[in-house]
Each structure stands twice: as structure tokens, then as C-alpha cells.
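These notes concern the structure reproduced below.
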Amino acid sequence: MGRENQTYVTEFILLGLSSDHQTQILLFVIFLIIYLLTVLGNLLIILLIHVDTQLHTPMYFLLKNLSFTDLCFSTTIVPQLLFHLLVMRKTISFTRCFIQMVFFLIMGCTESSLLAAMSYDRYVAVCKPLHYSTLMTQSICIQLVIGSWASGAFVSLVDTTFTLFLPYQGQNIINHYFCEPPALLKLASADTYSTEMAIFAMGVVILLGPVSLILFSYWNIISTVIQIQSGKGRLKVISTCGSHFIVVFFFYGSTIFTYMQPNSKKMNEGDKVISVFYSVITSMMNPFIYSLRNKDVKEAFRKAFGR
């Protein structure tokens with residue numbers, strides 16, 4: 001507790017995913033494997049796109065940025081989770097908690113915007129193929145990436161500021177495995193309505209906004225695919241867009257459930273499991289979904305490693 005006022009919190013205790021020692025060891029092994037796959041998979045995607053000139057296209061430029069974001073996203077959360085699975089006292093200082101929250105929100109919100117940008121890229125490629133080279137120039141791609149990072153930083157600033165300036169007195173036990181706004185709000189010793197509304201508004205901007213753009217893009221893509229006479233042409237479009245849609249489903253489904261519902265003073269085990277999907281699993285899945293379903297990436301892998 002603080003020196004000047006013994007009731008103010010200076011550190012938090014994270015309960016994690018389980019209190020059973022054997023379960024914690026099992027979870028450590030599982031999350032270590034997931035993290036190693038995440039790092040190796042995303043680094044491989046970044047490397048392949050960088051060295052293979054055939055992948056120097058708008059779609060893969062956005063994918064490379066998505067992989068970098070996933071790498072940072074996972075690193076913000078998983079190493080601390082692994083450490084806490086091995087120690088008895090799972091504490092995190094007030095300052096470190098909010099630093100983690102800042103970077104978690106920046107990476108997560110940036111990923112949301114990048115997924116929307118990637119859906120726009122697929123929309124232009126499928127629905128306006130003759131104008132693709134003029135609508136998806138290098139400068140436009142760079143602007144989309146900068147805009148994604150800027151939106152992530154803005155939402156992170158708003159959410160963190162509103163959460164940070166709430167008073168935290170007495171209770172310091174977080175029923176979660178990392179620091180994020182919904183978990184912190186449950187410990188605040190003041191009315192959280194204005195903070196909840198601010199977070200909800202930011203959720204509309206950074207979650208429902210991109211989802212609306214993605215749904216619009218895929219509605220037009222599906223309408224275009226239906227009109228394609230060639231079965232081979234339809235299969236190519238579905239293969240190209242299918243991997244992106246899988247990523248979108250997992251990422252937005254879990255984040256919207258967490259951030260677009262009224263705050264409850266009690267976080268149950270189901271909420272923590274759902275948060276694992278957008279904070280840990282999605283970052284691991286992205287490179288494997290894109291590489292396993294994309295023949296261009298597989299061809300780049302064969303050329304790079306001589307197979």
C-alpha cells in the first residue's frame with residue numbers, strides 16, 4: 001500500500017488462469033509452445049515477405065504489418081503470463097500494469113484497423129480489379145498502416161486515461177492473467193459509468209467500425225463471386241479471402257464479447273478463457289492460417305529454404 005495513504009494500491013495481484021499447481025505447470029507448457037509458435041510463425045512471415053520480391057504487393061505489405069503487430073501483441077502479454085505460472089506471488093506494480101495496458105490496447109486496436117484495411121484490399125482486388133493498381137498504391141498502403149497505428153494509439157490513450165484516473169483503494173486482486181480495462185474497472189473504488197461509456201464509445205470506433213467495413217467488403221466480394229462463371233475463378237477468390245475471414249471471426253468475435261457488454265463487478269472463468277482467444281491464440285493462428293492456405297507464401301517458403 002502507499003506510504004502517504006495506506007489505502008491506495010501500489011501493486012496488483014493477478015490470480016491467473018488457475019490456482020492448481022499441476023494445472024499451472026500444464027498451462028506453462030501449453031502457453032510456452034503457443035508463444036514460440038507465435039514468434040517463429042510471425043517472424044517467418046515477415047522474413048519471407050521481405051526477401052521475396054513476388055510478395056512485394058499491397059496485400060502482403062499489410063500482412064507483414066499484421067505479423068509485426070501480432071508479434072508485439074503476444075510479447076506484451078505472454079512472457080509475464082509464463083513467469084506468473086511459475087511463481088507463487090503473482091504481483092505486478094501499478095506502473096507496470098498500466099504500461100502493459102497501454103501496449104496491449106495499442107497492438108490490439110492497431111490489429112483491428114489492419115484487418116479492416118486488409119478487407120478493403122481484398123474488396124478492391126475482387127470487385128474492382130481494373131482499378132487495383134491505382135486504388136492500392138504504395139503511398140495509400142503506407143497511409144492505411146499509419147492510420148491503423150494512429151487509431152490504435154488514440155484508443156489506447158483514451159481507454160488508459162479514463163481507467164488510470166479512477167481511484168484504486170483497498171482491493172488489489174485482479175481475477176485475470178493480465179491488465180486490461182474490464183478487469184481493472186472491477187477494482188475501482190468509485191463510480192465507473194463514465195469510464196465504461198468512454199471504453200464503449202472507443203469500442204464502437206475501433207471494433208464495430210472496422211467490422212462494418214469488413215462486412216461491407218465481404219458482402220460485395222460474395223456478390224461478385226456469385227457472378228463469376230468459372231468454378232476455378234470462384235475457388236481462387238474464396239481461397240484468397242477465406243484465410244482473412246477466419247482471422248476476423250476469431251479476433252472480433254472474442255473482443256466484441258469482452259468490450260461491448262455492460263461491465264460486471266465479477267469476472268468469471270469463461271470471460272478469461274474468451275480473452276485468451278484475442279490476446280494469445282489469434283496471434284499464433286494468423287501466420288499459420290495465411291501460410292497454410294496461401295500458395296504464394298508456400299512458394300516463397302520453398303524458394304527460401306530450397307524445398
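Side-chain contact between Pro182 and Thr258 is present, with at least one heavy-atom pair separated by less than 4.5 Å. No side-chain heavy atom of Leu185 sits less than 4.5 Å from a side-chain heavy atom of Phe162. Under the 4.5 Å side-chain criterion, counting only non-hydrogen atoms from C-beta, Leu71 is not in contact with Ser283. At a threshold of 4.5 Å between non-hydrogen side-chain atoms, the residues Thr255 and Phe277 do not count as touching. Annotation: side chain of His131 is not in contact with side chain of Val124 (no heavy-atom distance under 4.5 Å). Counting heavy atoms from C-beta on, the side chains of Leu144 and Met136 come closer than 4.5 Å. You'll find the side chain of Leu66 reaches within 4.5 Å of the side chain of Glu111, heavy atoms only. Within the 4.5 Å cutoff, the side chain of Gln80 has heavy atoms near those of the Ile92 side chain.
Partner of Phe178 under the ring-ring contact (aromatic ring centres under 6.0 Å, His included) criterion, out of Phe31, Tyr278, Phe104, Phe103: Phe104 alone.
Under the 4.5 Å side-chain heavy-atom criterion for grouping Ile, Leu, Val, Met, Phe, Trp and Tyr, Leu213 is not connected to Tyr259 through any hydrophobic cluster. One hydrophobic cluster, built from ILVMFWY side chains closer than 4.5 Å, holds both Phe249 and Tyr252. The hydrophobic cluster containing Val204 does not contain Tyr193, counting ILVMFWY residues as joined when their side-chain heavy atoms lie under 4.5 angstrom apart, directly or transitively. Under a hydrophobic clustering in which Ile, Leu, Val, Met, Phe, Trp and Tyr are joined whenever their side-chain heavy atoms come within less than 4.5 Å, directly or via other members, Leu130 and Tyr120 fall into different clusters. Residues Leu36 and Val29 share a hydrophobic cluster, clusters being chains of Ile/Leu/Val/Met/Phe/Trp/Tyr side chains in contact below 4.5 Å.
A pairwise comparison of heavy atoms in Tyr132 and Pro58 identifies OH-CB, 3.4 Å as the closest pair. When all heavy atoms of Leu157 and Thr161 are compared, the pair lying nearest together is O-OG1, 2.6 Å. In terms of heavy atoms, Tyr60 sits closest to Leu55 at CB-O, 3.0 Å. Scanning all heavy atoms of the two residues, the minimum distance from Thr38 to Val280 falls at OG1-O, 4.5 Å. Pro210 approaches Ala116 most closely through the heavy-atom pair CB-CB, 3.7 Å. The two residues Ser279 and Phe73 come nearest to each other via the heavy atoms CA-CZ, 4.2 Å.
Here the side chain of Ser67 pairs no donor or acceptor atom with the backbone of Ile46 at under 3.5 angstrom. In this structure, Lys272 contributes its side chain and Leu17 its backbone to no donor-acceptor pair below 3.5 Å. Here the side chain of Gln100 pairs a donor or acceptor atom with the backbone of Thr76 at under 3.5 angstrom. In this structure, Ser18 contributes its side chain and Gln24 its backbone to no donor-acceptor pair below 3.5 Å. Panel note: side chain Ser19, backbone Leu15; no donor-acceptor pair is recorded below 3.5 Å. Looking only at distances, a side-chain donor or acceptor of Ser223 sits under 3.5 Å from a matching main-chain atom of Trp219. Using modelled atom types, one side-chain atom of Ser151 and one backbone atom of Ser148 make a donor-acceptor pair closer than 3.5 Å. Here the side chain of Ser156 pairs no donor or acceptor atom with the backbone of Gly152 at under 3.5 angstrom.
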>> I'd like to know whether Leu37 forms a side-chain contact (heavy atoms from CB on, under 4.5 Å) with Phe288, so could you lay out the CA-CA distance, the side-chain angles of the two residues, the decisive distance to 0.1 Å, and finally the verdict.
In response: CA-CA 9 Å; Leu37 289 174; Phe288 292 97; 4.1 Å; yes

>> Run Met202 and Leu105 through side-chain contact (heavy atoms from CB on, under 4.5 Å) and show every step you take.
In response: CA-CA 11 Å; Met202 290 299 100; Leu105 288 170; over 6 Å; no

>> Checking Phe251 against Asn286 for the side-chain contact (heavy atoms from CB on, under 4.5 Å) test, could you report, in this order, the C-alpha distance in whole Å, the side-chain angles of both residues, the deciding distance, and whether it holds?
In response: CA-CA 10 Å; Phe251 180 79; Asn286 285 354; over 6 Å; no

>> Show, in sequence, the C-alpha distance, side-chain angles and deciding distance for Trp149 and Met107, and conclude whether the side-chain contact (heavy atoms from CB on, under 4.5 Å) test is met.
In response: CA-CA 8 Å; Trp149 281 97; Met107 301 308 164; 3.7 Å; yes

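The structure places NE2 of His176 at 11.5 Å from CG of Leu187, a figure rounded to the nearest 0.5 Å. Atom-to-atom distance recorded for Leu184:CG and Ile174:CD1 is 5.0 Å, nearest 0.5 angstrom. Rounded to the nearest 0.5 Å, atoms OG1 (Thr91) and CG (Leu14) are 8.5 Å apart. Taking CD of Gln54 as the start and CD1 of Ile49 as the end, the distance is 13.5 Å to the nearest 0.5 Å. Separating the CZ atom in Arg96 from the SG atom in Cys179 is a distance of 9.0 Å, to the nearest 0.5 Å. Rounding to the nearest 0.5 angstrom, the gap separating the CD1 atom in Ile281 from the CD1 atom in Ile34 is 4.0 Å.
Taking the six-membered ring where the residue is Trp, Phe216 and Tyr123 present tilted rings, their angle falling between 30° and 60°.
No donor-acceptor contact under 3.5 angstrom links the side chains of Thr69 and Thr110, judged on distance only. No donor-acceptor contact under 3.5 angstrom links the side chains of Ser93 and Thr95, judged on distance only.
Under the disulfide bond (SG atoms under 2.5 Å apart) criterion, Cys109 pairs with no residue at all, not counting sequence neighbours.
Membership of the apolar cluster around Val87 extends to Phe83, as traced through chained side-chain contacts below 4.5 Å between ILVMFWY residues.
The neighbour count for His50 NE2, taken as heavy atoms of other residues, nucleotides or ligands under 6.0 Å away, does not exceed 12. By the 6.0 Å contact criterion, CZ on Phe28 is enclosed, its count of non-hydrogen atoms from other residues, nucleotides or ligands being greater than 12.
Between Phe98 and Phe94, the distance separating the two ring centers is shorter than 6.0 angstrom.
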